[in-house]
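Below is one structure, written out as structure tokens; comments come after it.
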Amino acid sequence: MERIYEIGLVSVITPVYNAEKVLERTLKSIINQTYKHIEIILVDDCSSDNSRMIIEKYKITHPEIVYYCQSTNQGAGAARNKALELAKGQFVAFLDADDLWKEDKLEKQIQLLIFLQKYVK
């Protein structure tokens, strides 16, 4: 069965493992993007710190957050693959839990992709 994706939606995929010290900054850098048509998919790879509590706090005010907790620790690759299964976006962007984006990162990339679609067939 072919998957149907939401046009224009960017699925931001972030694997999470014991990231409580940096996770809040990372989430803010996603939430503060100038391009707003996003879903934030966080796959927790069995963190033993407060990562889950931070995510749950943000989910209250940010319904675009999709949270999934792995049943066993499987590594970042498996967490990314699970997030891809959950993704509904036409586009996918990967961001590790300890990385940050400039506010216009997604907007610039989407503008470029739309421009290229017109000229590359």
Side-chain angles (χ1 to χ4, degrees):
M1 185 167 108
E2 189 175 330
R3 290 180 65 167
I4 305 296
Y5 298 102
E6 187 175 329
I7 301 297
L9 180 68
V10 177
S11 298
V12 179
I13 291 176
T14 302
V16 177
Y17 181 71
N18 291 341
E20 72 178 344
K21 292 179 179 160
V22 293
L23 185 57
E24 200 157 356
R25 282 185 24 205
T26 300
L27 286 171
K28 286 178 183 177
S29 87
I30 301 169
I31 292 164
N32 291 332
Q33 288 296 298
T34 55
Y35 187 85
K36 297 296 185 186
H37 193 40
I38 63 172
E39 66 175 350
I40 304 166
I41 304 175
L42 303 167
V43 177
D44 187 345
D45 200 29
C46 294
S47 295
S48 58
D49 66 359
N50 290 318
S51 293
R52 180 183 192 127
M53 291 171 52
I54 293 167
I55 294 167
E56 294 294 343
K57 178 182 92 171
Y58 273 81
K59 276 185 65 168
I60 293 168
T61 54
H62 298 281
E64 67 273 22
I65 293 176
V66 176
Y67 175 67
Y68 181 86
C69 187
Q70 303 271 60
S71 58
T72 60
N73 180 276
Q74 300 172 45
R80 285 184 188 95
N81 287 337
K82 182 61 183 178
L84 283 169
E85 289 176 21
L86 299 170
K88 296 177 185 166
Q90 176 184 14
F91 305 107
V92 173
F94 294 95
L95 179 66
D96 288 339
D98 61 348
D99 289 337
L100 303 172
W101 283 341
K102 290 186 176 187
E103 287 183 347
D104 60 351
K105 185 251 195 226
L106 289 178
E107 182 176 5
K108 286 183 176 182
Q109 283 189 315
I110 294 300
Q111 287 173 350
L112 178 62
L113 286 169
I114 291 169
F115 173 80
L116 290 174
Q117 280 182 329
K118 293 178 184 177
Y119 298 101
V120 179
K121 301 262 178 194

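Being a predicted model, the structure only gives us computed values, none of them experimental.
Ile13 and Leu106 end up in different hydrophobic clusters when Ile, Leu, Val, Met, Phe, Trp and Tyr side chains are linked at under 4.5 Å. Cluster membership for Tyr35 and Leu27, using ILVMFWY side-chain heavy atoms within less than 4.5 angstrom, is shared. Both Val10 and Ile31 are part of a single hydrophobic cluster, where members link through side-chain heavy atoms under 4.5 Å apart. Side-chain heavy atoms closer than 4.5 Å link hydrophobic residues (I, L, V, M, F, W, Y) into clusters, and following such links, even through other members, never connects Ile55 to Ile41. Hydrophobic clustering keeps Phe91 apart from Ile7 (ILVMFWY residues linked when any side-chain heavy atoms are closer than 4.5 Å, directly or through intermediates).
A distance of 11.0 Å separates NZ of Lys21 from OG of Ser51, quoted to the nearest 0.5 Å. Atom CZ of Arg52 is separated from atom CG of Leu23 by 13.0 Å, given to the nearest 0.5 angstrom. Taken to the nearest 0.5 Å, the CD atom of Glu56 stands 7.5 Å off from the CD1 atom of Ile60. In this structure, the separation between CZ on Phe115 and CD1 on Ile110 is 15.0 Å, given to the nearest 0.5 Å. Going from atom CG of Asp104 over to atom CD of Gln109 covers 10.0 Å, rounded to the nearest 0.5 Å. Atom-to-atom distance recorded for Leu100:CG and Lys105:NZ is 12.5 Å, nearest 0.5 angstrom.
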Practice item. In sequence, state the C-alpha distance, the side-chain angles, and the governing distance for Phe94 and Leu84, and then conclude on side chain to side chain contact (heavy atoms under 4.5 Å, CB included). Key: CA-CA 10 Å; Phe94 294 95; Leu84 283 169; 4.1 Å; yes

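Remark: side-chain polar atoms of Ser11 are paired, donor with acceptor, to backbone N or O of Gly89 under 3.5 angstrom. No donor-acceptor distance shorter than 3.5 angstrom exists from the side chain of Asn50 to the backbone of Met53, with no hydrogens or angles considered. A donor-acceptor distance shorter than 3.5 angstrom exists from the side chain of Asp49 to the backbone of Ala19, with no hydrogens or angles considered. Between the side chain of Asn32 and the backbone N or O of Glu103 there is no donor-acceptor pair closer than 3.5 Å. Judged by distance alone, the side chain of Asp45 and the main-chain N or O of Ala79 form no donor-acceptor pair under 3.5 Å. Without hydrogens or angle criteria, Thr14 side chain to Leu95 main chain gives a donor-acceptor distance under 3.5 Å.
Between Ala83 and Val43, the shortest heavy-atom distance links the atoms CB-CG2, 3.7 Å.
Taking a cutoff of 4.0 Å between a charged side-chain nitrogen and a carboxylate oxygen, Arg80 and Asp96 qualify as a salt bridge. The residues Lys36 and Glu64 are annotated as not salt-bridged, no charged nitrogen and carboxylate oxygen being separated by less than 4.0 angstrom.
Between Trp101 and Val12, the closest side-chain pair of non-hydrogen atoms falls below 4.5 Å. For the pair Tyr17 and Gln74, the minimum side-chain heavy-atom distance is 4.5 Å or more. Counting only heavy atoms from C-beta outward, the side chains of Gln111 and Glu107 approach each other to under 4.5 Å.
Taking the ring axis of Tyr67 as reference, the NZ or CZ atom of Lys59 does not stay both within 45° of it and closer than 6.0 Å to the ring centre.
Of the residues His37, Gln90, Lys88, the one that meets the side chain to side chain donor-acceptor pair (under 3.5 Å) test with Glu6 is His37.
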